[in-house]
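We count ligands from 1, going down the list as the structure has it; atoms in each ligand are counted the same way.
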Amino acid sequence: PGATVRDLGEALGVPPTRIIQILMGLGEMKTVTQTLSTEEIELVAEELGRKVEVGTLEEPAPEEVAPEDSPEDLVEKPPVITVMGHVDHGKTSLLDRIRRTNVVSGEAGGITQHIGAYQVEQDGRRITFIDTPGHEAFTEMRARGARVTDIVVLVVAADDGVMPQTEEAIEHARAAGVPIVVAINKIDVPNANPDRVMGELAERGLTPEQWGGETVTVPVSAKTGEGIDDLLENILVVAELEELRANPKAPASGYVIESRLDPGRGPVATLLLNRGTLHRGDVVLAGTAYGRVRAMFDHNGQRIKEAGPGTPVEILGLSGVPEAGTRFEVAENERTARSRAQQAEERLRRQELAQSGPRRTTLEELLGEGGAQELNLVVKADVAGSVEALKEALAKLSTDEVRVNVVRSGVGAVTDSDIMLASASGGIVIGFNVRPTNTAKQVAEREGVEIRTYDVIYKVIEEIEAAMKGMLAPET
Ligand code: GDP
């Protein structure tokens with residue numbers, strides 16, 4: 001027996017009459033005690049701008065502290081930092097410098113691995129850095145409802161000042177309600193002018209503490225290392241004000257921050273724990289992927305057996321490659337995890353089908369004379385970073401005449417289901433550093449779906465752009 005109108009109203013915190021109203025708007029007549037189908041529940045939730053999980057109403061984003069956590073179980077959680085700022089202001093250099101000088105080293109022989117995040121130690125306390133700088137990753141994660149970042153470090157070059165992307169970063173941090181610590185970088189260069197930067201920050205509502213405001217600003221040089229300790233100490237001060245705590249005894253949950261398909265090891269995902277402790281052997285569920293944690297590594301590539309809140313870990317053993325920003329949690333057993341992953345898969349398929357349109361074949365045909373106003377693409381790539389980069393770049397190609405629509409994107413080979421989706425949506429498939437499986441090739445032939453493969457991003461962009469202008473060169 002499913003949920004009734006009253007159940008749904010209670011679960012969503014709206015009066016049942018509102019639910020009935022919405023259903024009427026959708027052409028459905030229901031009374032308070034009548035049962036709703038999964039589809040009806042989803043539609044109503046969508047109308048209300050809410051998300052529900054079929055069967056069980058979706059839990060809210062995992063808070064570090066859940067109602068059932070008793071205060072004595074809560075311990076300090078390392079703050080999670082994202083570095084943002086204008087291009088060339090030194091985000092990457094700063095992350096590298098901090099990693100080199102302060103990274104928590106594991107046992108002897110550990111070599112820092114790029115797993116998407118790393119941890120440093122300052123005054124005996126830990127800080128976690130997400131090592132993809134910039135606000136694209138931050139925004140992507142947020143778009144999926146992931147709240148990963150506790151503090152934003154805004155890098156502003158002392159010789160350049162506040163620039164357009166600095167302003168964007170400020171907007172993103174504010175929209176997310178995340179506190180900002182400003183690193184005024186490149187103070188070693190002769191024409192550095194930190195005072196001017198502080199003035200520009202004050203103009204944007206980030207008045208420095210030194211000037212009686214509330215914004216922590218720290219002069220640093222990623223090049224010489226000057227001010228780095230000071231920056232880390234200040235991050236800890238801000239973290240303390242935020243009272244970041246979590247219960248390490250709870251079942252683990254958090255977010256996927258990176259994932260890829262490793263030819264030898266299968267799906268590899270970096271998880272960042274918000275709450276609880278993850279153990280080797282736990283069953284993890286992340287969207288449509290699930291599996292028992294076969295092995296777990298820290299940022300030094302060292303095998304570990306467990307990890308607590310605020311810690312990034314790389315895990316092996318998932319059935320697929322979950323997108324960055326996907327929430328994960330520990331499931332009771334593999335069977336529950338599998339069935340919930342299947343439910344998620346079904347939901348995804350329904351959503352994708354709902355987005356699909358009329359049927360066409362090749363890129364040229366699609367965009368030929370009198371061609372489509374929409375270009376639907378299925379994008380597959382070898383790593384999550386490339387998927388994101390492609391999606392971003394492709395979205396920017398949209399013009400008044402043709403809208404570029406990425407109907408599905410993901411990591412891994414081009415599969416049958418990618419072809420079917422492209423076919424259903426009248427689009428084509430783009431493979432970046434990945435190839436179609438043998439059966440996918442057959443399905444593509446049968447369905448008349450074009451698969452275009454590439455190994456450089458600008459080529460993808462160039463060709464799609466050219467096709468959109470109606471002058472595509474034949475594929476080589
Ligand atoms: P991002 O685009 O923000 O990631 O910036 P990068 O870290 O790539 O830095 C851009 C350029 O500025 C590079 O040539 C760096 O070597 C240089 N740079 C970064 N930090 C400093 C610094 O503190 N001092 C000086 N002199 N150069 C820096």
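The closest protein non-hydrogen atom to atom 24 (N) of ligand 1 is D188 OD1, 2.7 Å. Of the protein's non-hydrogen atoms, the one nearest atom 11 (C) of ligand 1 is K186 NZ, 3.9 Å. Regarding atom 13 (C) of ligand 1, its nearest protein heavy-atom neighbour is S93 OG, 4.6 Å. Among protein heavy atoms, atom 23 (O) of ligand 1 sits closest to A222 N, 2.9 Å. Atom 20 (N) of ligand 1 has as its closest protein heavy atom N185 ND2, 3.1 Å. If you check which protein heavy atom lies closest to atom 4 (O) of ligand 1, you get T92 OG1, 2.6 Å.
No donor-acceptor distance shorter than 3.5 angstrom exists from the side chain of H89 to the backbone of N185, with no hydrogens or angles considered. The main-chain N or O of I428 is never found under 3.5 Å from a side-chain atom of E450 such that the two would form a donor-acceptor pair.
Taking distance alone, with nitrogen or oxygen atoms compared against 3.5 Å, G90 approaches ligand 1 more closely than that limit. Ligand 1 has no nitrogen or oxygen under 3.5 angstrom from a nitrogen or oxygen of L94.
Under a 4.0 Å criterion applied to the non-hydrogen atoms of H86, ligand 1 contributes the atoms 3 (O). Which parts of ligand 1 touch K223 is read off a 4.0 Å heavy-atom cut-off, strictly below it: atoms 22 (C), 23 (O), 24 (N), 25 (C), 26 (N). With ligand atoms numbered from 1 in the order given, ligand 1 contributes 1 (P), 2 (O), 3 (O), 5 (O), 10 (C), 12 (O) to contacts under 4.0 Å with heavy atoms of D88.
In summary, D150 and K77 engage in a salt bridge, as defined by a charged side-chain N under 4.0 Å from a carboxylate O. Using a 4.0 Å cut-off between charged side-chain N and carboxylate O, R204 and E200 make no salt bridge. Taking a cutoff of 4.0 Å between a charged side-chain nitrogen and a carboxylate oxygen, K459 and E462 qualify as a salt bridge.
In summary, the aromatic rings of F129 and Y118 are positioned with their centroids under 6.0 Å apart.
For E240, the side chain to side chain donor-acceptor pair (under 3.5 Å) partners two or more places apart in sequence, or in a different chain, are R125.
Atom 15 (C) of ligand 1 lies below 4.0 Å from at least one non-hydrogen atom of the protein. Within the 4.0 Å cut-off (strictly below), a protein heavy atom is located near atom 7 (O) of ligand 1.
Within 6.0 Å of the CD atom in Q210, the count of heavy atoms belonging to other residues, nucleotides or ligands exceeds 12. No more than 12 heavy atoms of other residues, nucleotides or ligands sit less than 6.0 Å from atom CZ of R435.
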